[in-house]
Amino acid sequence: MADQSIPEARTPATPRDGATPLNGETAPHGETALNGGVRESSSHKEGISRRRLFGTAGATGLVLGAAGGAVGYAARPAEATPLSSLGADQVMFHGKHQPGILQGLQARGHLIAFDLTAGAGRKEAAALLRRWSETARRLMAGEPAQQDDTDVARDAGPSSLTITFGFGHSFFARTGLEKQRPVALDPLPDFSSDQLDKARSNGDLWVQIGAHDALVAFHALRAIQKDAGQAAKVRWQMNGFNRSPGATAHPMTARNLMGQMDGTRNPKPTDADFAERVFVPESGTKDPAWMANGSYAVVRRIRMLLDDWEQLSVKEQEDVIGRRKSDGAPLSGGTETTEMDLEKTDKAGNLVVPLNAHARITRPDQNGGAAMLRRPFSYHDGIDADGVPDAGLLFICWQADPLRGFVTVQRKLDRGDALSTFIRHEASGLFAVPGGAAEGEYVGQRLLEG
């Protein structure tokens with residue numbers, strides 16, 4: 001992938017206990033709300049005073065998106081000047097799509113699923129989504145929670161916080177909305193690599209939280225949990241991380257815990273067919289109207305068998321993936337973005353990219369054009385009872401139709417992916433994520449009040 005340009009210096013957002021904060025709606029005089037959802041100030045003098053207040057070494061930060069979200073996409077860290085402050089960057093809550101889909105990878109993340117409590121139905125769910133949406137709007141703007149703020153994120157800026165909400169298959173029966181349940185939300189089929197823990201799978205409601213600061217992300221997690229009140233209880237929670245923007249000399253494709261570049265061929269918002277692959281259209285679809293501009297998220301906790309993987313030589317690891325470990329280039333030659341030559345052979349007549357290489361099998365042109373936008377987090381939950389690392393990938397992919405996206409590719413992987421020996425799918429979920437809330441609306445309002 002071509003390197004993205006380094007953004008210009010920007011002014012941090014107003015702190016939680018300072019002057020009037022950015023509210024995520026209209027930009028104050030002298031500021032511009034960028035199409036990608038990040039606001040920056042033109043006031044240099046104000047920027048200096050705020051930087052002193054935050055105690056940062058600089059104000060250059062992360063740019064999330066450009067026109068149509070063209071900058072920053074999954075598996076590619078969003079831009080940042082090395083070792084600079086990231087606290088100033090703000091993502092807008094209101095918009096065509098929910099936040100947390102088009103933005104670049106975030107350094108910290110929490111995934112949490114809830115089940116509605118006994119007796120809670122459509123009315124309680126609507127009130128909960130209204131509370132959650134207001135909390136998300138405030139926290140993403142760098143403001144404290146409306147009630148009983150914990151002060152965990154005091155002194156920090158928004159730090160590119162995003163909060164995303166989705167509905168599971170079981171939500172619709174619990175709320176009497178079965179007729180509004182999308183066909184695309186039918187349960188995923190079983191796969192050979194599945195060893196799923198039902199207690200850590202699915203759920204009525206799903207929330208994705210991401211930020212570039214661990215305390216900001218945790219603050220949002222606690223606020224969402226507290227807002228659930230008596231309406232919903234936690235079913236499961238998973239915590240993840242990625243490399244922080246600015247930690248490398250220039251923006252580059254992320255690496256996973258196997259040390260491999262992960263996401264080189266992710267669809268880009270600049271692709272002509274990006275929207276139709278990732279988002280539900282406003283018309284001409286079998287999806288219900290309330291899903292317009294929404295997407296479907298497949299969430300999988302994928303354990304990496306690192307002790308086995310690390311016993312392989314670098315050459316053996318590269319053959320499993322089909323790409324060079326050093327720079328992500330295909331084994332057929334070139335750079336990371338060079339098109340893979342699937343027919344190239346070595347002097348002995350053997351295919352340079354093995355038939356069962358992961359990168360070969362997952363190519364859209366090997367799966368009828370199936371593609372999905374991957375936006376994962378790595379995880380490490382310590383050492384298990386057998387003394388091996390409980391670590392891997394919190395896989396999250398976005399698509400307009402999970403049957404044509406995730407299911408198509410995973411079925412192909414089931415039939416002979418070299419990587420399957422070194423991974424295990426331990427939890428799974430599929431969630432309908434409605435489009436973004438307009439100003440004055442809450443997420444899911446068109447479903448719950450339609």
Side-chain angles (χ1 to χ4, degrees), residues 24-25 33-38 64-65 68-69 72-74 78 90-106 109-114 125-126 128-141 158 160-168 171 182 184-185 203-211 217 220-221 223-224 227 269 274-275 277-282 287-299 372-377 396-400 402 429-450:
E25 297 174 358
L34 302 181
N35 290 336
V38 180
L64 294 175
Y73 46 93
Q90 178 184 347
V91 181
M92 300 296 105
F93 173 72
H94 296 294
K96 183 177 181 179
H97 310 296
Q98 285 198 59
I101 302 175
L102 290 176
Q103 286 73 32
L105 293 183
Q106 291 153 300
H110 300 291
L111 309 180
I112 183 167
F114 293 83
L128 174 57
L129 267 297
R130 189 180 294 111
R131 291 196 299 273
W132 274 352
S133 295
E134 175 59 13
T135 293
R137 185 196 68 77
R138 292 178 64 90
L139 268 55
M140 286 174 57
S160 300
L161 174 67
T162 62
I163 305 177
T164 318
F165 304 102
F167 304 111
F171 175 83
L185 205 55
D204 293 343
L205 294 156
W206 175 68
V207 184
Q208 173 191 252
I209 297 169
L221 175 68
I224 291 296
D227 275 351
F274 177 84
R277 287 181 171 186
V278 177
F279 295 112
V280 175
E282 295 182 0
D287 291 272
W290 64 268
M291 272 296 293
N293 301 314
S295 188
Y296 292 94
V298 174
V299 181
M372 49 200 166
L373 180 66
R374 288 169 290 158
R375 197 173 181 277
F377 292 96
I396 307 165
C397 70
W398 300 90
Q399 60 257 282
L430 171 61
F431 303 96
V433 177
E439 292 194 32
E441 288 186 347
Y442 62 86
V443 173
Q445 183 170 336
R446 283 164 279 179
L447 166 65
L448 292 164
E449 297 185 14

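Note: hydrogens, waters and symmetry copies are ignored here, and every other heavy atom, side chains too, is used. The first residue in the sequence is number 1, and the count goes up from there.
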When you look at L102 and F274, which way does the side chain to side chain contact (heavy atoms under 4.5 Å, CB included) test go after all the steps? CA-CA 11 Å; L102 290 176; F274 177 84; 3.6 Å; yes

Look up atom [atom1] in [X] and atom [atom2] in [Y], then write down how far apart they are to the nearest 0.5 Å.
{"X": "I209", "Y": "L111", "atom1": "CD1", "atom2": "CG", "result": "9.0 Å"}
{"X": "L185", "Y": "F171", "atom1": "CG", "atom2": "CZ", "result": "11.0 Å"}
{"X": "D227", "Y": "T135", "atom1": "CG", "atom2": "OG1", "result": "3.5 Å"}
{"X": "L430", "Y": "Y296", "atom1": "CG", "atom2": "OH", "result": "8.5 Å"}

I'd like to know whether I101 forms a side chain to side chain contact (heavy atoms under 4.5 Å, CB included) with R375, so could you lay out the CA-CA distance, the side-chain angles of the two residues, the decisive distance to 0.1 Å, and finally the verdict. CA-CA 8 Å; I101 302 175; R375 197 173 181 277; 5.6 Å; no

Could you check whether the rings of W206 and W398 sit parallel, tilted or perpendicular, using 30° and 60° as the cut-offs?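 Rings of W206 and W398: tilted, 30 to 60°.
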
Does any non-hydrogen side-chain atom of [Y] lie less than 4.5 Å from one of [X]?
{"X": "V443", "Y": "P434", "value": "yes"}
{"X": "I112", "Y": "L205", "value": "no"}
{"X": "W132", "Y": "F165", "value": "yes"}
{"X": "P376", "Y": "L105", "value": "yes"}
{"X": "W290", "Y": "P182", "value": "yes"}

I need the minimum non-hydrogen distance between [X] and [Y], along with the two atoms involved.
{"X": "Q399", "Y": "V298", "result": "NE2-CG2, 3.8 Å"}
{"X": "F167", "Y": "G444", "result": "CZ-CA, 4.1 Å"}
{"X": "A292", "Y": "E282", "result": "CB-CA, 3.8 Å"}
{"X": "A432", "Y": "M291", "result": "CB-SD, 3.9 Å"}

Salt bridge or not between E449 and R130? Use side-chain N to carboxylate O under 4.0 Å.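 Between R130 and E449 there is a salt bridge, with a charged N closer than 4.0 Å to a carboxylate O.
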
Decide yes or no on side chain to side chain contact (heavy atoms under 4.5 Å, CB included) for F114 and L128, but give the supporting numbers first. CA-CA 11 Å; F114 293 83; L128 174 57; over 6 Å; no

Please say which of Q106, Q103, Q208 ends up in a side chain to side chain donor-acceptor pair (under 3.5 Å) with T162.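 Only one option passes, and that is Q106.
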
